[in-house]
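Keep in mind that what you see is a predicted model, and the values were worked out from it rather than measured. Note on naming: letters A, B, ... go to the chains in the order of the sequence lines (proteins, then strands), and numbering restarts at 1 for each one.
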Amino acid sequence: MRTSLSDIQQIEKYIHQELPIEEALVFETKAIISASLRRNVFWQKKIHELLRHYHRRKLRSEMEKIHHFVFHDPANASFRKNILQLFAPNL
Amino acid sequence: METIELGMERKTFVATAFFSELYEKAFPPVAHFVSKMNGSFQDAKDIFHDAMVIFCEKTEDESFILSTSAEAYVTGIAKHLWIKRFNRDKRTVSLDAMEAVIVIPEDYYPTINTSRLLQLLEVAGRRCLDLLHSFYHEKLSVAEIKNRFGYKTEHSASVQKYKCIEKIRETIQQKAITHENFFE
């Protein structure tokens, strides 16, 4: 694996607190003197934040599928009616 | 206390009967609440879906302990979301002791810039997003990822994870450079 990918792997282990304490300390010392390493840690954390939101989007789209199923299944007609009645004045 | 068997279902939890059943049990109380607060059906649906997403996220955390029924917990989350989303005063929403201690993620609603960035990646880096999502959120094994994405070896699949991080990092760094104030 090339060096830049090994660096990413190392940052990943640091972010996920998977480095042994000695290695974590060495990593932090490197980060103090390397602006580029600090930047890369920042971006890698940002990627995880984006992935969290991507995960939420995926879950939400699953909820839409369940909603469609629940609200369009003839067996759930009374469920649907009861819910919609709550909002009758606002519909 | 309700016990949920989530361990083996975690990878496909939303597709399980559990979540479909929970949907039918938990939507009525949330709809009642939103209706009482003069919200619309669409408000109820949006808040409920967000509450279910947060509940799913919580169940993915192995340290999460559900100390009440799942539907009561989802309703509690929905009340917090109602307060957060519509900037309502907490005192206007009655929360019982269990509901009062529920914590919802601070960053649940993405900033405009985060949404834009995600949209960009969904167009320019969907495969990488999906691959990383499989690793970090679906928690698939390297062997499963190798099969899903068609890599010849598990080593290739593992290396691809880091290549994808590198590619996404370059894309979002570039975006930050061309839009100086992107991450303000």
| message | I'd like to verify something: which residue of A/Glu64, A/Lys65, A/His16 has the highest number of heavy-atom pairs under 4.5 Å with chain B? | response |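 It is A/Glu64.
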| query | Looking at A/Arg57, A/Glu49, A/Arg52, A/His48, which makes the most heavy-atom pairs under 4.5 Å with chain B? | reply |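 Heavy-atom pair counts peak at A/Arg57.
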Given heavy-atom pairs under 4.5 angstrom as the criterion, report whether the side chain, backbone, both or neither of [X] touches chain A.
X: B/Asp43; answer: neither
X: B/Ser158; answer: neither
X: B/His32; answer: both
X: B/Leu121; answer: side chain
X: B/Gln42; answer: neither
X: B/Tyr108; answer: both

At what distance, to the nearest 0.5 angstrom, does [atom1] of [X] lie from [atom2] of [Y]?
X: A/Ile47; Y: B/Lys167; atom1: CD1; atom2: NZ; value: 11.5 Å
X: B/Cys56; Y: A/Glu62; atom1: SG; atom2: CD; value: 9.0 Å
X: A/Asp7; Y: B/Tyr162; atom1: CG; atom2: OH; value: 12.0 Å
X: A/Ile8; Y: B/Lys163; atom1: CD1; atom2: NZ; value: 11.0 Å
X: A/Leu86; Y: B/Lys36; atom1: CG; atom2: NZ; value: 12.0 Å
X: B/Ser35; Y: A/Leu84; atom1: OG; atom2: CG; value: 11.5 Å

Hey, quick one: are [X] and [Y] part of the same hydrophobic cluster, counting side-chain heavy atoms closer than 4.5 Å, chains of contacts allowed?
X: B/Phe18; Y: B/Val53; result: yes
X: A/Tyr14; Y: A/Phe42; result: no
X: A/Phe27; Y: A/Trp43; result: no
X: A/Leu37; Y: B/Ile168; result: no
X: A/Ile15; Y: B/Phe135; result: no

| message | If we define contacts as heavy-atom pairs under 4.5 Å, which of B/Ile165, B/Leu132, B/Val159 has the most with chain A? | response |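 Of the candidates given, the most pairs with chain A belong to B/Ile165.
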Of all the heavy-atom pairs spanning [X] and [Y], show the shortest one and how long it is.
X: B/Pro28; Y: A/Phe79; value: CG-CE1, 3.6 Å
X: A/Phe87; Y: B/Ala44; value: CZ-CB, 3.6 Å
X: A/Leu50; Y: B/Leu117; value: CD1-CD2, 3.9 Å
X: A/Ile83; Y: B/Ala31; value: CD1-CB, 4.0 Å
X: B/Tyr23; Y: A/Phe71; value: CE2-CE1, 4.5 Å
X: B/Asp107; Y: A/His53; value: O-CE1, 2.9 Å

So for atom [atom1], which belongs to [X], do other residues, nucleotides or ligands contribute more than 12 heavy atoms lying within a distance under 6.0 Å?
X: A/Arg80; atom1: CZ; value: no
X: A/Glu18; atom1: CD; value: yes
X: B/Glu106; atom1: CD; value: no

| So, B/Tyr109 versus A/Arg56: side-chain donor-acceptor pair below 3.5 Å or not? |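 Checked: B/Tyr109/A/Arg56 side chains show no N/O donor-acceptor pair below 3.5 Å.
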| Lys/Arg N to Asp/Glu carboxylate O, B/Glu138 vs A/Lys58, below 4.0 Å |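 No, B/Glu138 and A/Lys58 are not salt-bridged.
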| message | Taking the side chain as everything from C-beta on, heavy atoms only, tell me whether B/Asp46 gets closer than 4.5 Å to A/Arg60. | response |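 Sidechains of A/Arg60 and B/Asp46: in contact.
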| request: If the plane angle is over 60° it's perpendicular, under 30° parallel, otherwise tilted; pick one for B/His133 and A/His55. | output: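 Aromatic pair B/His133/A/His55 classed tilted.
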| task | Quick one: sort the A/His67 and B/His49 rings into parallel, tilted or perpendicular, breaks at 30° and 60°. | result |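 A/His67 and B/His49: perpendicular rings.
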| Working for side chain to side chain donor-acceptor pair (under 3.5 Å), residues A/Tyr54 and B/Asp130 | CA-CA 9 Å; A/Tyr54 187 56; B/Asp130 283 334; 2.5 Å; yes
